[in-house]
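Each residue takes its place number in the sequence, starting with 1.
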Amino acid sequence: MIGASLSGVTFISVPGEVGNTNFYYFQVVLGYTVGYLTIAKVLLPLYYRMNLVSIYAYLQDRFGFWSYKTGAFFFILSRTLGSSIRVFLVAGVLQLILFDDWGIPFWVSVLITVSLIWLYTHRGGIKTVVWTDTLQTLFMLLAVGTSIYLVAKDLGISGAGELAANVVADSRSGIFNWDWQAGTNFFKQFASGAFITIVMTGLDQDMMQKNLTCRNIGDAQKNMFWFTIILVFVNLCFLVLGVLLYQYCEVNNITLPLRTDDLYPMLATEHFSVFAGTVFVLGIIAAAYSSADSTLTALTTSFCYDFLDIERNYPKDRQQTIRKKVHLIFTGIMFLVILLFRWINDQSVINTVFVIAGYTYGPLLGLYSFGLFTKRIVKDKAVPWIAAIAPLLAFIVSLNSKKWLFGYEFGFEVLILNGGLMFLGLLIFSQKERF
C-alpha cells in the first residue's frame, strides 16, 4: 500500500515542489490521518460485512443498477488517468537520462515499461502484485534514505540532529500557511488531504483490494493503522530531501531547471556520483512499477465484476480468458493515455494528480456520503446525469472563484465542492425511505 500510494510522483514531484510551496504539502499529509481513520472505522467494516470483491457493489445494494455502474465507471476513469500520469512521469525521466542517449523514442520506452508490468501481473495476479510491491517499495524507501544521506554528506552535514536543525533553519521548511485566500491555506489543505484519502484509498478498488486480502477486519484495520504512521514519516522524508536538493544547488551554483519535477532527475544524473545516480534510477523504477501493477489488476477486477458480471454471464472455463483479454486492453489504454499526457502536461505532476482526482473522485465521494449518512431513496436513473453535471459545475465555480467569492481561490478542496454538488443533486432527486 505504501508503494501504491507514493509512486514516482512522490519520488520526483514532491521534493521539487518544495521550491514552489515550501513544506505546505505536509498539511495535506496531516489531513491524510483523519481520512485513514475514517476508512478504518467506517468503510472497512462495511466492506467486510458485505463480503465484497468489488467495493462498488455496495452502491447497487444501496441505490440500484445505474448508481453501481456510475461508481465503477468513475473509479476506472480516475485510476486510468491517475496511474497513467504516474507512469508518464517516470517514463519521462528514464527517457531523459537513459533512452535518449540510446536513440530509443519515448513511445518505445513506454511500451517496454507497460509491457513488463503487464507480463508479471498477467502471470501472477494479485498475489504476485502484493509480493512484488513489497520488494519494490523496499527499494524505493532505501533509495530516498540513501539519497538524503549522500546529499547531506556532500553538504557537510553529519548526524540526524544536525540534519534536522539544518532543515528547520531553512525558510523552505515552513509547514503552515494561514492565508485564507491562498490555495495552500492550512484548513483547505488539511480538509483536502482527509477527503483525498477517503476517495483515493477508501473508495478506490486498487487500494482496498489489498486490505480485503487480509484475513479479517481486525488485521485490515491494523494494516491501515501502521500504513498511516509510515506514510506520514515517508512523506516528511521526501520533503526533507527537497530542501537538501535546493541547498545543494545553491552551494554548487547550479542553475535550477524550469520545471521543478526535473530538479531531482537533473541532479542525480548530471551532478551526483554514479552510485547516487544509480540509487535514484532504481528508486523511480521501483516507484513506477509498485503503483502501476496493482492498478492494472484492480481495473481488470472492477471491469470484469462491475461491467461484465463475469461470474454470472460466463462459464468458469472462459472466465480466465476474459480476464486476460480485459487486462491486455487496459494495458493498451494506459499506454495511449501516457502518450496523450506527454503532449498536454505543463505543470508539476503532483498537482495534476490531485486536480484530476478532485474532478473524477468527487461523484464517488458524494455517492458514498449520501448512502452512508442518509436513508433516502435516490432516483437511480438520474445518478449518471448528476455525476456528469457535478464535476462540470465544480470546474465552472473553481474557474470563477476569485471573481465570485471575493478573491477565494480553490486548491485541492475542489474535491469537496464536487462531492458536495453530487450530494446536493442526489438529495434533490430522492425521497424519504418508505416503511
Determine the sole option in F227, W226, F225 for which the ring-ring contact (aromatic ring centres under 6.0 Å, His included) test with Y36 is passed. F227
Run the numbers on L364 and D204 for side-chain contact (heavy atoms from CB on, under 4.5 Å), then give the verdict. CA-CA 9 Å; L364 280 171; D204 186 286; over 6 Å; no
Test your reading of the model: is there a side-chain donor-acceptor pair from [X] to the backbone of [Y], 3.5 Å cut-off?
| X | Y | answer |
| --- | --- | --- |
| Y68 | R62 | no |
| N235 | L231 | yes |
| S192 | E413 | yes |
| Q95 | W107 | no |
| E17 | T260 | no |
| Q27 | N177 | yes |
| S109 | F106 | yes |
| N418 | Y361 | no |
| S398 | F395 | no |
| T146 | A143 | no |

Classify the angle between the aromatic ring planes of W178 and F176 as parallel (below 30°), tilted (30 to 60°) or perpendicular (above 60°).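 Ring orientation, 0 to 90° scale: parallel.
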Do the rings of Y264 and F280 sit parallel, tilted or perpendicular, given the 30° and 60° boundaries? perpendicular
Nearest heavy atoms of [X] and [Y], plus distance in Å:
| X | Y | answer |
| --- | --- | --- |
| I55 | M208 | CG2-CB, 4.0 Å |
| V397 | W404 | CA-CZ3, 4.1 Å |
| N223 | C214 | CB-SG, 4.4 Å |
| W118 | T331 | CD1-OG1, 3.3 Å |
| L241 | P15 | CD2-CG, 4.3 Å |
| M422 | G362 | CB-O, 4.3 Å |

Mind running side-chain contact (heavy atoms from CB on, under 4.5 Å) on Y359 and L81 for me, showing each step along the way? CA-CA 11 Å; Y359 292 107; L81 293 176; over 6 Å; no
Close aromatic pair by centroid cut-off 6.0 Å: Y368 and Y58: yes
I would like to know whether C249 and L263 meet side-chain contact (heavy atoms from CB on, under 4.5 Å); could you show each step before the answer? CA-CA 9 Å; C249 288; L263 175 65; 3.7 Å; yes
Measure the OG1-CG distance between T70 and L59 for me, rounded to the nearest 0.5 Å.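 Going from the OG1 atom of T70 to the CG atom of L59 covers 8.5 Å.
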When rounded to the nearest 0.5 angstrom, what distance separates OG1 in T360 from CG in L415? 8.5 Å
For N216 and Y48, which I'm curious about, is there any donor-acceptor pair between the side chains at under 3.5 Å? no
Can you list the steps and then say if V114 with I338 is a side-chain contact (heavy atoms from CB on, under 4.5 Å)? CA-CA 10 Å; V114 297; I338 293 169; 4.1 Å; yes
